[in-house]
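Reading through the structure tokens given below for one structure.
Chain letters run A, B, ... following the sequence lines, proteins first and then strands; every chain starts at 1. Because only heavy atoms are used, hydrogens play no part in the values below, and waters and symmetry mates are left out as well, while side chains stay in.
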There are 2 protein chains.
Amino acid sequence: MKTNSAQCGGLPAPAELERIAQSLKLLAHPQRLRIVGRLERGGAAPVYAIMADLALPQGALSQHLNHMKRAGLVQAERRGKEVWYRIADRRAVQVLHCVCGRGGKK
Amino acid sequence: MKTNSAQCGGLPAPAELERIAQSLKLLAHPQRLRIVGRLERGGAAPVYAIMADLALPQGALSQHLNHMKRAGLVQAERRGKEVWYRIADRRAVQVLHCVCGRGGKK
DNA sequence: TCAAAATATCATGATATCATGATATGTCAA
DNA sequence: TTGACATATCATGATATCATGATATTTTGA
């Protein structure tokens, strides 16, 4: 039995809650939401494709992806000169959906 | 027909996306997540009750609530000396659930 | 080995967020 | 009208995030 249920009222323990908030913070950014949308809809993609689709500056995009990778939201795989990114944590997509309309039960 | 579908790939228009990201940013904070959890589980409550349950300093709690109110996540109603808060946007709860475990379809 | 393509990292200044303690406001009862 | 209770607001310094432009790294083909 988790003894922290009383203190946290059914929510995860403080340390975990901190991690969750951190991931959520990464999603709380317009461009990063668009990146998640792009990766969901088009599947995995190399950076230059995302860059073209979303019209983001290369350095900025790379940093966004890096942050999301560190948090485990996306996953990277090198293929030759390219690096392909994909969604690694479904919760990213779920949050996007329930916050952008479809996905809410009302 | 929304002509921004092409540019935004099914996501809301930039201005709206900005607002959504802003709301998400408010949820991306451990104490505010706990506040949402408290209001969900216990229903509406006066500030002093939330303060006691979550052991948050009065000023800080008041500011958290104020920010969330401005964003439309919660709603306030004065009853005598007290001000009762309640969830105003179900998406807050949905995000909490899908990010904290229960609520995701896997 | 060199050049170019694709991506990553760094440095920096601007802005936003945070926690804290102090003070102000509003409401009710005496 | 005064006092106390409940809540809100303010001021401030510390820290985090952001966008930008410059530079570095990795990989492949010539």
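- Atom pair A/Met51:CE and C/dA5:C1' shows a separation of 10 Å (rounding to whole Å applied).
- With B/Arg78 contributing its side chain and B/Gly80 its backbone, the two residues share a donor-acceptor pair below 3.5 Å.
- With hydrogens and angles ignored, the 3.5 Å screen pairs a side-chain donor or acceptor of B/Arg34 with a backbone N or O of B/Leu54.
- Salt-bridge annotation for B/Glu77 and B/Arg79: present, with a side-chain N of the basic residue lying under 4.0 Å from a carboxylate O of the acidic one.
- One N or O on the side chain of A/Arg91 and one on the backbone of B/Val99 form a donor-acceptor pair closer than 3.5 Å.
- Rounded to whole Å, atom C1' of C/dT25 lies 17 Å from atom CD of B/Glu82.
- Taking atom CH2 of A/Trp84 as the reference point, atom P of C/dA8 lies 14 Å away to the nearest angstrom.
- Atoms CG and CG, on A/Leu26 and A/Asp89 in that order, are 11.0 Å from each other to the nearest 0.5 Å.
- In this entry the distance linking CD of B/Glu77 with C1' of D/dT7 reads 15 Å, nearest Å.
- Here A/His67 does not reach the OP1 or OP2 of C/dA8: none of its side-chain N or O atoms lies under 4.0 Å away.
- Computed from coordinates, the A/Lys81 NZ to D/dT27 P distance equals 12 Å when rounded to whole Å.
- In this structure, A/Arg79 atom CZ and C/dA6 atom C1' are separated by 15 Å, rounded to whole Å.
- A side-chain contact (heavy atoms from CB on, under 4.5 Å) with A/Leu96 is found for one member of B/Ile20, B/Leu11, B/Leu24 and no other, namely B/Leu11.
- For A/Arg32 and D/dC18, the shortest distance from a side-chain N or O to OP1 or OP2 is below 4.0 Å.
- As a whole-Å value, the separation of B/Leu33 CG from C/dC18 P is 12 Å.
- Contacts between residues 57-66 of chain B and DNA chain D, defined by a heavy-atom separation under 4.0 Å, are made by B/Gln58, B/Gly59, B/Ser62, B/Gln63, B/Asn66.
- Distance B/Leu24 CG to C/dA16 P: 19 Å, rounded to the nearest Å.
- Taking the side chain of B/Pro46 as heavy atoms from C-beta on, and the options D/dC18, C/dT27, D/dT7, the nearest nucleotide is D/dT7.
- Electrostatic pairing of B/Glu16 and B/Arg19 counts as a salt bridge here, judged by a charged N lying under 4.0 Å from a carboxylate O.
- Across the interface with DNA chain D, nearest-nucleotide mapping of A/Leu26 and A/Gly80 shows A/Leu26 to be the residue nearer the 5′ end.
- A/Tyr85 has a side-chain polar atom (N or O) that falls below the 4.0 Å cut-off from OP1 or OP2 of C/dA8.
- Within the 4.0 angstrom heavy-atom criterion, no nucleotide atom of any strand lies near A/Gln31.
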